[in-house]
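As a basis for the values below, the full set of heavy atoms in this structure was taken, side chains included, without hydrogen atoms, waters or symmetry mates. Numbers here simply count residues along the sequence, with the first being 1. Model, not experiment: these values are computed from the prediction.
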Amino acid sequence: MITQNTIDKVFETARVEEVIGDFVQLKKAGSNFKGLSPFVNEKSPSFMVSPVKQIWKDFSSGKGGNAISFIMEHEHYTYPEAIRYLAKKYNIEIDETEQSDEQKVQASERESMYLVSEYARNYFHDVLLNTQKGKAIGLSYFKERGFTDETIKKFELGYALDEWSAFTDAALKKGYQLDFLEKTGLTIVKENQLDPTQSKKFDRFKGRVLFPIHSMAGRVLGFGGRILTSDKKAAKYLNSPESELYHKSKVLYGIFNAKQSIAKKDNCYLVEGYTDVISFYQRGIHNVVASSGTALTSDQIRLVNRLTPNITVLFDGDAAGLRASIRGIDLILEQGMNVKVVMFPDGEDPDSFAKKNSLEKLEAYLDANAQDFIRFKVSILMDEVKDDPVKKAGLIRDIVATISKIPNQIQREIYVQECAKIMDISERVLFSELAQLSKNEEREASKRPKDNQQESFTVVKTEAVAFKKTDQLNKLERQLIEILLLYGNKEIDFEDYVEVEDEEGRIKLVKENYQNKIASEIYLHLQDDEIEFSNATFKKIYFDVIHQLNQDEKISSDGFINHEDPELGRVVTDILMDDEKYALSDWESKEIYVRTKEKSLSKLVMDAILNLRRILIELKIKELIEETPDDDRHSMLEMIVNYTKLKKLLYDRLNRVV
């Protein structure tokens with residue numbers, strides 16, 4: 001693990017405006033910077049960066065945070081990957097915590113395999129571009145496929161010389177160990193029967209053009225190689241074998257280059273082969289990945305789901321085994337994703353179609369021919385059915401089985417209605433079939449071992465009034481957190497009413513003024529009334545604020561912005577950047593002067609506290625009405641009367657009518 005000392009150095013050194021400036025064109029806007037959102041398409045800039053607070057907020061997508069969170073959002077890195085990225089940018093040496101000998105060996109082995117794979121990528125790319133054989137054979141092949149120099153460099157395409165051990169010999173000469181060359185699958189090692197001390201070494205990809213396969217973070221995991229000869233004994237395509245780095249079922253070709261576009265377009269095109277991806281990308285459609293000839297897996301779908309819930313699967317016009325291929329649609333639906341399907345004309349595939357058509361025509365075709373999975377399945381399988389009622393019933397059951405995979409009940413119902421129209425069958429029959437499938441699944445599930453299984457029952461109340469009160473409560477809690485973070489350190493005048501006895505012995509309320517720090521005032525009121533925040537994140541922020549107040553007598557938002565809890569950091573960033581967004585400089589330039597929050601802080605604080613009490617009392621009254629047993633109604637009514645009196649006092653203080 002990366003040490004806390006290294007993480008602290010990264011946070012101290014990284015400047016949010018510099019980090020984001022590498023990806024977004026920023027322009028000065030007062031004390032802040034503005035730019036176009038990198039997450040959505042927009043014409044007016046809504047992306048704001050605050051160098052003073054070292055935070056950013058994208059008001060179009062709602063995302064925000066610090067330098068680390070931006071790299072995680074934009075590059076789709078994990079937290080450690082983002083730390084390493086920034087450490088490299090600012091030349092910070094990474095210290096790691098002490099590991100066991102076994103962990104050290106494993107980490108060292110994995111990193112050595114990465115280094116070998118990256119050397120291989122550079123070696124094969126160099127052979128392709130800078131050797132006579134590479135240019136004559138490998139480069140000419142890619143040029144014949146229509147790939148430009150820019151595309152070849154973008155995808156780091158390569159060529160392995162048609163020699164038994166050219167790559168292995170070069171790697172060993174450079175000091176890379178044979179053990180790691182073998183573990184990555186780049187070199188095949190066979191024992192020499194005549195002399196066991198002298199093993200035979202062969203290049204796995206000899207004579208093939210190569211497609212490096214990257215992780216989402218851009219590291220080389222393995223290779224796909226295409227043979228250029230007509231040798232019928234050799235496989236046309238050959239992938240790296242399974243290894244510590246490369247798991248075919250967990251990788252999508254092109255994901256590194258496509259991830260930003262997928263997130264921005266909110267859709268991912270899924271194709272089958274390497275050249276399909278490259279041709280689409282070269283034509284201008286960048287949100288495209290390939291399953292690299294393997295059957296689609298749940299792990300691959302989850303990779304896409306991190307970026308978008310929408311997948312469009314593209315099928316060749318004459319795809320063999322299409323029925324087997326469409327089984328992948330069920331896997332996509334099971335994960336709650338939205339899937340559409342596009343079929344290319346006979347004899348065309350994504351690669352050939354992209355080469356023959358302009359970007360405009362390609363996009364128009366994809367938009368016009370995208371079908372939902374029901375229409376697609378029916379169009380593919382209806383030829384097999386013809387007028388055979390038994391086969392038609394089987395097709396309907398097949399489609400209903402697919403619909404049953406969808407976790408969202410509303411979507412399931414909509415698709416049942418769609419299926420009923422297309423197949424000319426009543427919805428009642430389809431819902432009955434769907435229910436039967438669910439029963440069968442439950443029956444099968446009951447037969448499985450029940451160890452460690454937990455049954456959960458959720459009661460959902462749809463009462464609009466309760467929802468509204470809870471929503472108001474959440475807003476008031478957020479408002480108090482906002483006041484604490486922005487103005488908690490300020491000491492201001494407050495006023496209160498105290499009971500005073502006059503000369504005739506009558507009690508009356510007298511207004512009294514006093515000074516107090518805003519955070520202390522809020523703390524005293526909430527403590528006196530034993531009020532706790534209902535929102536878990538707000539509760540955590542509140543306790544941290546009060547801890548700071550008690551320890552340092554000063555509140556700082558820095559620790560929240562860089563907090564290890566991303567949700568907490570996001571909430572604080574939203575609050576701080578919302579305050580920046582509504583700064584009054586633009587109004588003042590037009591000679592319009594608006595009363596600021598600072599000038600009415602006392603009222604703002606007291607109104608927030610009183611309204612919070614009011615909502616809690618109203619929720620308590622509602623709870624008493626709903627949950628008190630019939631035999632205890634008398635005491636319940638007494639409590640409601642008392643709460644109602646208290647509520648009236650609060651309304652009086654707020655100058656509101658009950």
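Between L181 and L172 the shortest side-chain heavy-atom distance falls below 4.5 Å. The closest side-chain heavy-atom distance from D316 to P350 is below 4.5 Å. Counting heavy atoms from C-beta on, the side chains of E75 and E81 never come closer than 4.5 Å. Contact check for N357 versus R283: no side-chain heavy atoms found under the 4.5 Å cut-off. Here the side chains of V342 and V313 are not in contact, with every heavy-atom distance at 4.5 Å or above. The side-chain heavy atoms of F205 and L186, taken from C-beta on, include a pair separated by under 4.5 Å. Counting heavy atoms from C-beta outward, I374 and I403 have side chains that approach closer than 4.5 Å. Looking at heavy atoms from C-beta onward, V277 lies out of side-chain contact with F211 at the 4.5 angstrom threshold.
Counting only N and O atoms by type, the side chains of T308 and N267 include no donor and acceptor under 3.5 Å apart. In the model, K355 has a side-chain atom that pairs as donor or acceptor with a side-chain atom of S279 under 3.5 Å. For the residue pair R226 / Y274, no side-chain donor-acceptor distance below 3.5 Å is found, with atom types taken as modelled. A donor atom on one side chain and an acceptor atom on the other are found under 3.5 Å apart for D58 and S37.
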Query - Verdict with supporting geometry, L333 and Q411, side-chain contact (heavy atoms from CB on, under 4.5 Å) - result: CA-CA 10 Å; L333 293 169; Q411 282 185 314; over 6 Å; no
Requested in this report: Would you sort out whether M216 and L307 count as a side-chain contact (heavy atoms from CB on, under 4.5 Å), showing the intermediate values?
Outcome: CA-CA 11 Å; M216 193 175 275; L307 306 170; 4.0 Å; yes
Requested in this report: Tell me, with the steps shown, if I68 and V10 meet side-chain contact (heavy atoms from CB on, under 4.5 Å).
Outcome: CA-CA 9 Å; I68 299 289; V10 168; 4.0 Å; yes
**Report entry** Test log, rule side-chain contact (heavy atoms from CB on, under 4.5 Å), inputs L139 and I152
**Finding:** CA-CA 9 Å; L139 189 60; I152 290 167; 3.7 Å; yes
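Looking at Q282, its side chain does come within 3.5 Å of a backbone N or O of T148 through a donor-acceptor pair. Without hydrogens or angle criteria, Q335 side chain to S298 main chain gives a donor-acceptor distance under 3.5 Å. The backbone N or O of V251 sits less than 3.5 Å from a side-chain atom of Q300, completing a donor-acceptor pair. Side chain of N408 to main chain of G336: no donor-acceptor pair is present (N/O by atom type, distance under 3.5 Å, no hydrogens or angles). With hydrogens and angles ignored, the 3.5 Å screen pairs no side-chain donor or acceptor of S165 with any backbone N or O of D169. Side-chain N or O atoms of R412 include none that pairs as donor or acceptor with a backbone N or O of S404 at under 3.5 Å.
Rounding to the nearest 0.5 Å places CD1 of I7 at 11.0 Å from CG of D95. For the atom pair NZ (K259) and NE2 (H214), the distance works out to 11.0 Å, reported to the nearest 0.5 Å. How far CD1 of I71 is from CG of N66: 10.5 Å, rounded to the nearest 0.5 Å. To the nearest 0.5 Å, atoms CG (L314) and CG (L366) are separated by 6.0 Å. Annotation: the span from L128 atom CG to L157 atom CG amounts to 7.0 Å, rounded to 0.5 Å. Note that the CG atom of L252 and the CG atom of L303 stand 5.5 Å from one another [nearest 0.5 Å].
Minimum heavy-atom separation, C268 to I262: SG-CD1, 3.7 Å. Nearest heavy-atom pair, A290 versus G273, reported as atom, atom and distance to 0.1 Å: CB-O, 3.6 Å. Heavy-atom minimum distance, D126 versus N130: OD1-ND2, 2.6 Å. Minimum interatomic distance between C419 and I399 (heavy atoms only, all atoms of both residues): SG-CG2, 3.8 Å. Residue A160 comes nearest to L210 through the heavy atom pair CB-CD1, 4.0 Å, listed as atom of the first residue, atom of the second, then distance. Closest of all the heavy-atom pairs between V40 and S61 is CG1-CB, 4.3 Å.
The ring-ring contact (aromatic ring centres under 6.0 Å, His included) test applied to F147 returns no partner, not counting sequence neighbours. Looking at residues two or more places apart in sequence or on another chain, you find no ring-ring contact (aromatic ring centres under 6.0 Å, His included) involving Y114. Residues that satisfy the side-chain contact (heavy atoms from CB on, under 4.5 Å) test with K173, not counting sequence neighbours, are absent from this structure. By the side-chain hydrogen bond (donor to acceptor under 3.5 Å, both in side chains) test, Q177 pairs with no residue at all, sequence neighbours left out. For K248, there are no salt bridge (Lys or Arg N to Asp or Glu O under 4.0 Å) partners two or more places apart in sequence or in a different chain. Judged as a salt bridge (Lys or Arg N to Asp or Glu O under 4.0 Å), and not counting sequence neighbours, the contacts of K133 are E163. Taking the salt bridge (Lys or Arg N to Asp or Glu O under 4.0 Å) definition, one finds that D266 meets it with nothing, sequence neighbours left out. The ring-ring contact (aromatic ring centres under 6.0 Å, His included) search around F124 returns F167, F223, not counting sequence neighbours. When the ring-ring contact (aromatic ring centres under 6.0 Å, His included) test is applied to F23, the partners found at least two apart in sequence or on another chain are F70, H74. Here D330 pairs with nothing under the salt bridge (Lys or Arg N to Asp or Glu O under 4.0 Å) rule; sequence neighbours left out.
Residues F373 and Y415 bring their aromatic ring centres within 6.0 Å.
Seen from the ring of Y119, K174 does not count as a face-on cation partner, given the 6.0 Å and 45° thresholds.
Under a cut-off of 6.0 angstrom, the local environment of CD in Q409 is sparse, with at most 12 non-hydrogen atoms contributed by other residues, nucleotides or ligands. Applying the 6.0 Å contact sphere to NZ of K89 captures more than 12 heavy atoms from other residues, nucleotides or ligands. For NZ of K340, the number of neighbouring non-hydrogen atoms (other residues, nucleotides, ligands) closer than 6.0 Å is 12 at most.
For residues 227-236, the set of pairs meeting the side chain to side chain donor-acceptor pair (under 3.5 Å) definition, not counting sequence neighbours, is empty. Applying the side chain to side chain donor-acceptor pair (under 3.5 Å) rule to pairs touching residues 361-370 yields nothing, sequence neighbours excluded.
Across Y281, Y269, F280, F256, a single residue satisfies ring pair (Phe, Tyr, Trp, His ring centres under 6.0 Å) together with H286, and that is Y281.
In this pair, F353 and F344 present their aromatic rings tilted. The plane angle is within the 30 to 60° band.
For K183 and D179, the salt-bridge test passes: some basic side-chain N is under 4.0 Å from an acidic carboxylate O.
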